[in-house]
Each structure stands twice: as structure tokens, then as C-alpha cells.
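Because only heavy atoms are used, hydrogens play no part in the values below, and waters and symmetry mates are left out as well, while side chains stay in.
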Amino acid sequence: MKIKTIFTTSIAIAALAASLLMALLASCSGSRRSERIIAVSIQPQRYLLEQLAGNNFKVVCLLAQGSNPESYEPSMQHLMNLEKSEAYFCIGNIGFELAIVAKAKEENPNLRLFDNSKNVPVIHGSHNCNGHHHSHEVDPHIWTSVKNAMIIAQNMHDALIELDPKHADQYDRNLSTLNAHLEQLHAEIKAGLDTLSIRSFLVWHPSLSYFARDYSLRQISMEYNGKEAPVAHIKAEIDEARASGARVLFYQKEFDTRQISTINEQIGARMVTINPMNYEWEQEMRHIATALSE
């Protein structure tokens, strides 16, 4: 009788454990099914959107940290993330977005598209080629500006309310908090740069046009249309850099640094590494400002 009781009790415990396990698995499965996902193109977008969306959406980024958007090709995992998303927030004017959107809409016809660059005053002709500006080209690096970030955040806020109106009050509060912080950040950077006597800086790839516009600075790009520059172009750039008195040369690690170092031997500027695609967007903006004010 005692053995039978123990046996019966063991069965009951095992059945209870199985029931609890099934309930847990069902709960996890349901949680995965109900997870709401928004895809973005670049890491600075993810930084801003996560502060607005809170825990209501999972934000996935197509461009991995440290990747170069100029040569980016989406992986199968990135396309799968986009396929699972209910919305894709484009940053605008980045080449890879057009190809991705066409593919994503084919795989996920219900995917909602939102342009985060709406109402951002764009700059034309920041990219040099053979010493001449391409006036028809839009500079895509709109996120390298605190002022632009506030416009991007507003666009994200409006899209979130369209996707999830029941949390509109939360998104309103989050936008107010973020805007207050961005305004303070802009004021701090401006105060640090207003007193600069030399208002020009050098940059290999022209990614800081909007930053320069915000603070009345002059960006001098040393790149030659993404290619190795001919001797005549290099001489002209060196002469312009010397004449400007610029003391800082910004460059990104994903670009060839050999030619950058060789050219800078003739200029004598302080070389500073930047990462405009950094997820830690605010930290990057402060890093750039500090390098200029030192």
C-alpha cells in the first residue's frame, strides 16, 4: 500500500510538472508571436527609436555595428528580420534601402514603410569628385546633426502613434523627454564651438556636412569619389587644407587609412577616428565636438 501511494504521488507530481512546462512553453510561444518588431536601417536610428518606443516594440537594425553602408549587402538574417517586422523606418537617400525595400515588400506585402527623413532640410553637393561638387546629389548623412535628430525623432513619434495609437500618451511623453535632452545637447556643443578661431576641419569621407551646418563650420573633404586620388587632386586638397588652417582630420576606420596618413604627412593635422554609424549616437556627437574644441 505504501509503495502504491508513493507511485501514485510520483505520477501526480510528474503530471503537474508536465502541465506547468506545457503552460510555460505556450506562454513563451504566445509571447514570441505577439512581439512587435520595427526594422531600421542604421544604428543611430535604433538609438533614437528605442528611447521613444520603450518596451512596446523590438527594434532591429539592418546595418550591423561597424559596417560600411557604401558597400553593404544585406545578409539572409537581416532580410528575415525585415520579413518579421511590421514596419520599416528608412533614413532616406542611402543606396541599399531601395534594393531592400523592393525585396522586403515582395516577401512581406503588409510591411509598413516610414521615411524618417521627412521635413529634414537636406544638403546637396557634399561629395567631391575630381575637385567638383555634384550639386544634384543629396548628402545622406542627415543623422550627424542634433537639429536633424529632433526632426527624425518627430517622424518616428508620428509613425509609432500610427502603428500603436493606444500608447500615444506614452510616445508623447517620451518625445518630450528626448527633445529636452537633445536641445540641451545642442546647446552644450554650440557653446563649446562658438569660440573656435579656426572654423574649418578636414574629413576624409564627407559625413559631417550637417554637423558643420549646425555650428557654422566648414567641412573640407579629402576623399576622391571613394577611389585613390590622382596626384593633381591630392596637391589641390593639401593646398586647400593648409590655407584653411584646419588642425583636425576626421577619418573612419572602414576606409583605407594608408592614403589618409600619407596625405596628412604634408598637412600635419591631428588625426581623429570617428564612427558616424555608432549606436552610441550622443557619445559620437560629443566626441566630434570635443576633438574640434581641444
Side-chain angles (χ1 to χ4, degrees), residues 37-50 59-83 85 87-108 111-129 133-156 159 203-213 219 221 223 225-227 250-255 274-281 284-285 288:
I37 302 174
I38 296 175
V40 298
S41 293
I42 59 175
Q43 295 291 339
Q45 276 179 291
R46 182 167 73 91
Y47 173 86
L48 294 170
L49 183 55
E50 286 181 343
V59 182
V60 297
C61 186
L62 300 185
L63 195 69
Q65 185 84 337
S67 298
N68 183 357
E70 310 287 336
S71 58
Y72 170 73
E73 291 185 8
S75 67
M76 183 59 66
Q77 182 61 49
H78 291 152
L79 292 175
M80 287 176 62
N81 285 338
L82 196 53
E83 186 178 343
S85 302
Y88 176 34
F89 286 16
C90 304
I91 195 62
N93 300 304
I94 291 184
F96 73 78
E97 287 185 334
L98 296 177
I100 283 180
V101 166
K103 178 67 175 176
K105 289 292 287 183
E106 182 181 316
E107 299 294 332
N108 181 4
L111 183 69
R112 304 278 301 278
L113 301 178
F114 295 93
D115 183 4
N116 289 170
S117 68
K118 180 181 176 182
N119 297 324
V120 172
V122 297
I123 294 174
H124 294 265
S126 297
H127 288 68
N128 293 331
C129 177
H133 292 294
H134 288 260
S135 60
H136 61 283
E137 289 186 357
V138 173
D139 188 319
H141 309 91
I142 62 171
W143 62 92
T144 59
S145 155
V146 182
K147 288 183 176 180
N148 287 352
M150 287 187 262
I151 300 173
I152 293 169
Q154 180 68 57
N155 290 332
M156 290 176 168
V203 64
W204 184 253
H205 181 69
S207 57
L208 300 178
S209 306
Y210 296 95
F211 184 94
R213 181 177 69 182
Q219 170 187 255
S221 171
E223 188 182 48
N225 198 31
K227 302 174 183 178
F250 292 115
Y251 70 98
Q252 297 166 232
K253 287 183 177 179
E254 59 264 30
F255 293 97
I274 59 171
N275 178 15
M277 293 293 176
N278 194 351
Y279 170 78
E280 298 296 343
W281 172 85
E284 194 66 28
M285 293 297 99
I288 293 166

Separation of Ile123 CD1 from Ser209 OG (nearest 0.5 Å) = 5.0 Å
Evaluate the side-chain proximity of Ser85 to Ile38: yes if any heavy-atom separation is below 4.5 Å, no if none is.
-> no
Can you see which heavy atom on Cys61 is nearest to which on Ile42, and at what distance?
-> SG-C, 3.2 Å
Test side-chain contact (heavy atoms from CB on, under 4.5 Å) applied to Ala149 - qualifying residues, sequence neighbours left out | Leu48, Leu182, Trp281
Would you please name every residue forming a side-chain contact (heavy atoms from CB on, under 4.5 Å) with Ala212, sequence neighbours left out?
-> Phe201, Leu217, Gln219
Sorted by chain and residue number, the ring-ring contact (aromatic ring centres under 6.0 Å, His included) partners of Tyr279 (sequence neighbours excluded) come out as Tyr47
Validation row: Gln252, Ile274 side chains within 4.5 angstrom (heavy atoms) | yes
Contacts of type ring-ring contact (aromatic ring centres under 6.0 Å, His included), residue Phe89, not counting sequence neighbours = Phe114
Just by modelled atom types, is the Pro206 backbone N or O under 3.5 Å from a matching donor or acceptor in the Glu223 side chain?
-> no
Between the side chain of Ser221 and the main-chain N/O of His205, is any donor-acceptor distance below 3.5 Å?
-> no
Flag side-chain contact, heavy atom, 4.5 Å: Asn275 against Glu284 | yes
Given side chains that start at C-beta, do those of Pro121 and Asn148 come closer than 4.5 Å, heavy atoms only?
-> yes
Between CE of Met156 and CG of Asn116, what distance do you get to the nearest 0.5 Å?
-> 4.0 Å
Exercise answer: donor-acceptor pairs, residues 90-97 side-chain atoms, under 3.5 Å, sequence neighbours excluded:
| unit_1 | atom_1 | unit_2 | atom_2 | d |
| --- | --- | --- | --- | --- |
| Glu97 | OE1 | Gly92 | N | 3.0 |
| Glu97 | OE2 | Ser41 | OG | 2.5 |
| Glu97 | OE2 | Ile91 | N | 2.7 |

Partner residues of Lys105 under the side-chain contact (heavy atoms from CB on, under 4.5 Å) criterion, sequence neighbours left out | Val101, Leu111, Leu113
Would you say Tyr210 and Val122 make side-chain contact, with heavy atoms under 4.5 Å?
-> yes
In Å and rounded to the nearest 0.5 Å, what is the CG to CD1 distance from Leu82 to Ile100?
-> 7.0 Å
Shortest non-hydrogen contact from Met277 toward Gln43 | O-CB, 3.2 Å
Whether Glu83 side chain and Asn108 backbone form a donor-acceptor pair below 3.5 Å = no
How about Ile152 and Pro44: do any of their side-chain heavy atoms sit closer than 4.5 Å?
-> no
Separation between CD1 of Ile142 and CD of Gln45, rounded to the nearest 0.5 Å = 8.0 Å
